[in-house]
Amino acid sequence: MIFYTVGTQLPFDRLTKFVDEFAAVIDVPIYGQIGQGTYVPKNFEYCESMEVAEFENRFRQSDIIISHAGMGTILQSLVAGKIICICARKAEFSEHRNDHQVATVARFSSWNNVFEILTVSDLEKAFSALNAKKDDTLSQWASEEMLVQLHSLIAD
Amino acid sequence: MKKVLVVASAGGHLVQLYRMFPAYKGFKLRLITTKSISDSSLFEGVDFSVVKDSNFDQKFLLIVTFFQVLVRLLVFNPSVVLTTGAAPGLFAILIGRILGKKVIWIDSIANGETLSFAGKVAKKITPNCYSQWEDVAERESVRYIGKVV
């Protein structure tokens with residue numbers, strides 16, 4: 001199963017179109033949370049928004065996550081050891097206020113199980129990588145170094 | 001027990017705040033966020049309250065968020081305010097600073113090239129302003145304390 005999310009703030013029609021094209025050529029069901037977009041998907045089931053419990057449920061059931069480059073989804077995917085395909089929102093297309101997601105993708109696209117999506121064929125590449133998925137999960141917490149230093153900073 | 005107020009908008013900011021949870025051990029904790037977490041696995045069992053979500057494009061909503069944060073801060077009266085952003089967190093450290101609290105801003109790890117807009121404001125409010133990337137911290141003249149990953 002594949003779960004697609006654009007996050008809770010803004011739609012992401014450019015990525016929704018990619019996912020729709022991709023959905024037409026693969027056999028695996030995709031479910032999308034697409035926000036208040038204007039593009040209407042033809043090849044996969046979707047909703048505008050969902051409750052946290054449903055989000056966590058669909059997330060848990062999916063092997064591949066397709067998402068805007070939102071840090072929350074990226075971190076949760078890394079912890080769960082899923083394949084995640086990320087596409088950066090760009091300010092020039094009014095997809096976000098600034099280009100920080102471009103910086104996020106630059107930092108995280110080299111991680112195991114993380115794929116940068118610029119075109120539909122990148123989605124196809126990520127999907128074929130599912131069989132060669134690296135068994136890699138991120139720990140639940142921040143680094144020990146950070147935890148210790150932060151605790152002292154708060155306590156002092 | 002020292003009272004610590006932690007603040008984060010729903011989404012990535014909250015996930016990062018949660019990843020530092022072991023660091024809050026031994027303190028009386030309260031959370032301010034922008035969406036109910038009663039169905040979420042994050043911060044289970046922690047006292048939380050919800051404020052209106054707003055970003056820096058929404059001037060009127062920001063005022064609402066500001067006053068909601070102000071009230072909660074005054075009521076809980078923490079010694080320390082810690083936030084990973086965004087706007088509600090910035091208001092919390094601004095108010096906290098004025099009230100003489102210790103305030104800490106941890107810029108989101110998503111900001112891999114520069115400090116966020118709110119982070120740049122936070123830098124003027126407190127020296128306890130951190131980037132999660134060493135090179136960004138150096139470039140922006142803020143501190144580095146580690147990464148949530």
Side-chain angles (χ1 to χ4, degrees), chain A residues 5 7-10 49-57 59-60 67-80 86 88-89 94 96-109 111 114 137-156, chain B residues 2 4 6 8-27 29 34-42 53 55-57 78-82 84-85 102 104 106-117 128 130 132-133 136 143-149:
Chain A
T5 174
T8 55
Q9 305 282 327
L10 295 161
S49 66
M50 54 174 59
E51 294 303 316
V52 173
E54 192 194 344
F55 183 96
E56 291 190 355
N57 209 27
F59 182 88
R60 203 176 9 248
S67 171
H68 73 142
M71 211 57 233
T73 312
I74 293 172
L75 287 171
Q76 287 172 309
S77 298
L78 291 172
V79 169
I86 50 176
R89 289 174 180 278
S94 303
H96 209 309
R97 286 185 303 285
N98 55 49
D99 279 344
H100 82 273
Q101 286 204 0
V102 176
T104 303
V105 171
R107 292 282 190 176
F108 285 91
S109 59
W111 283 54
V114 180
T137 58
L138 183 65
S139 84
Q140 193 187 11
W141 307 122
S143 66
E144 190 63 34
E145 164 205 39
M146 186 186 206
L147 294 175
V148 166
Q149 289 191 69
L150 184 60
H151 189 268
S152 303
L153 179 64
I154 297 171
D156 285 343
Chain B
K2 195 176 232 191
V4 177
V6 291
S9 304
H13 298 278
L14 186 63
V15 171
Q16 291 175 63
L17 187 71
Y18 178 66
R19 290 182 63 82
M20 301 183 286
F21 192 80
Y24 317 142
K25 200 168 177 182
F27 306 118
L29 201 65
T34 55
K35 213 169 162 178
S36 172
I37 55 162
S38 40
D39 285 333
S40 165
S41 46
L42 302 181
D53 197 6
N55 61 56
F56 297 104
D57 288 336
S79 317
V80 179
V81 180
L82 162 71
T84 48
K102 180 178 217 167
I104 304 166
I106 313 258
D107 209 46
S108 169
I109 199 172
N111 298 108
E113 222 172 87
T114 61
L115 269 186
S116 63
F117 169 75
N128 300 321
Y130 296 85
Q132 296 189 49
W133 300 99
V136 176
R143 296 177 181 170
Y144 174 79
I145 200 178
K147 300 177 174 62
V148 294
V149 296

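Residue numbers start from 1 in every chain, and the chains themselves are labelled A, B, ... in the order their sequence lines are given, proteins ahead of strands.
Paired with A:H151 under the rule ring-ring contact (aromatic ring centres under 6.0 Å, His included), one option of B:F27, B:Y24, B:F21 passes, and it is B:F27.
Both the backbone and the side chain of B:S41 come within contact range of chain A, each with at least one heavy atom under 4.5 Å from a heavy atom of that chain. Interface residue B:I109: backbone and side-chain heavy atoms are both found under 4.5 Å from chain A. For B:K147, the part sitting under 4.5 Å from any heavy atom of chain A is the backbone (N, CA, C, O) and nothing else. Heavy atoms closer than 4.5 Å to chain B are found in both the backbone and the side chain of A:S143. Contacts between A:V102 and chain B at a heavy-atom distance below 4.5 Å are absent for every atom of the residue. Heavy atoms of A:T73 lying under 4.5 Å from chain B are absent altogether. Contacts of B:I145 with chain A are made by both backbone and side-chain atoms, with heavy-atom separations under 4.5 Å. In this structure, no portion of A:D99 lies under 4.5 Å from any heavy atom of chain B. Residue A:I74: no heavy atom, backbone or side chain, is found under 4.5 Å from chain B. Proximity to chain B (any heavy atom under 4.5 Å) is restricted, for A:F108, to the side chain, taken from C-beta onward. Proximity to chain B (any heavy atom under 4.5 Å) is shown, for A:A69, by neither the backbone nor the side chain. Heavy atoms of A:L138 lying under 4.5 Å from chain B belong exclusively to its side chain.
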Inset, instruction - Give the intermediate values and the outcome of side-chain contact (heavy atoms from CB on, under 4.5 Å) for residues A:W141 and B:V148. - result: CA-CA 7 Å; A:W141 307 122; B:V148 294; over 6 Å; no
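Crowding of A:E51 atom CD: a count of heavy atoms from other residues, nucleotides or ligands under 6.0 Å not exceeding 12. A 6.0 Å sphere centred on CD of A:Q149 holds more than 12 heavy atoms belonging to other residues, nucleotides or ligands.
Nearest heavy atom pair, residue A:L150 against residue B:M20, reads CD2-SD, 3.6 Å. When all heavy atoms of B:G112 and A:A103 are compared, the closest pair comes out as N-CB, 3.8 Å. Between B:D39 and A:A53 the shortest heavy-atom distance is CB-CB, 4.3 Å.
Annotation: maximal heavy-atom pairing with chain A below 4.5 Å, among B:K102, B:Q16, B:Q132, occurs at B:K102. Ranked by heavy-atom pairs shorter than 4.5 Å toward chain A, the options B:T114, B:V15, B:N128 are led by B:V15. With chain B as partner, the option from A:Q76, A:Q140, A:E145 having the largest number of non-hydrogen pairs under 4.5 angstrom is A:Q140. For chain A, the option among B:V4, B:N111, B:D57 with the highest count of heavy-atom pairs below 4.5 Å is B:D57.
Judged purely by distance below 3.5 Å, without hydrogens or angles, the side chains of A:Q9 and B:N55 never pair a donor atom with an acceptor atom.
Put simply, the side chain of B:R19 never gets that close to the backbone of A:L75: no donor and acceptor are under 3.5 Å apart. The backbone N or O of A:I154 lies less than 3.5 Å from a partner atom in the side chain of B:K2, making a donor-acceptor pair. With hydrogens and angles ignored, the 3.5 Å screen pairs no side-chain donor or acceptor of B:K35 with any backbone N or O of A:V52. Side chain of A:H100 to main chain of B:A110: no donor-acceptor pair is present (N/O by atom type, distance under 3.5 Å, no hydrogens or angles).
From A:L153, atom CG reaches atom CG of B:L82 across 8.5 Å, with rounding to the nearest 0.5 Å. Going from atom CZ of A:R107 over to atom CH2 of B:W133 covers 5.0 Å, rounded to the nearest 0.5 Å.
The closest side-chain heavy-atom distance from A:M146 to B:I106 is below 4.5 Å.
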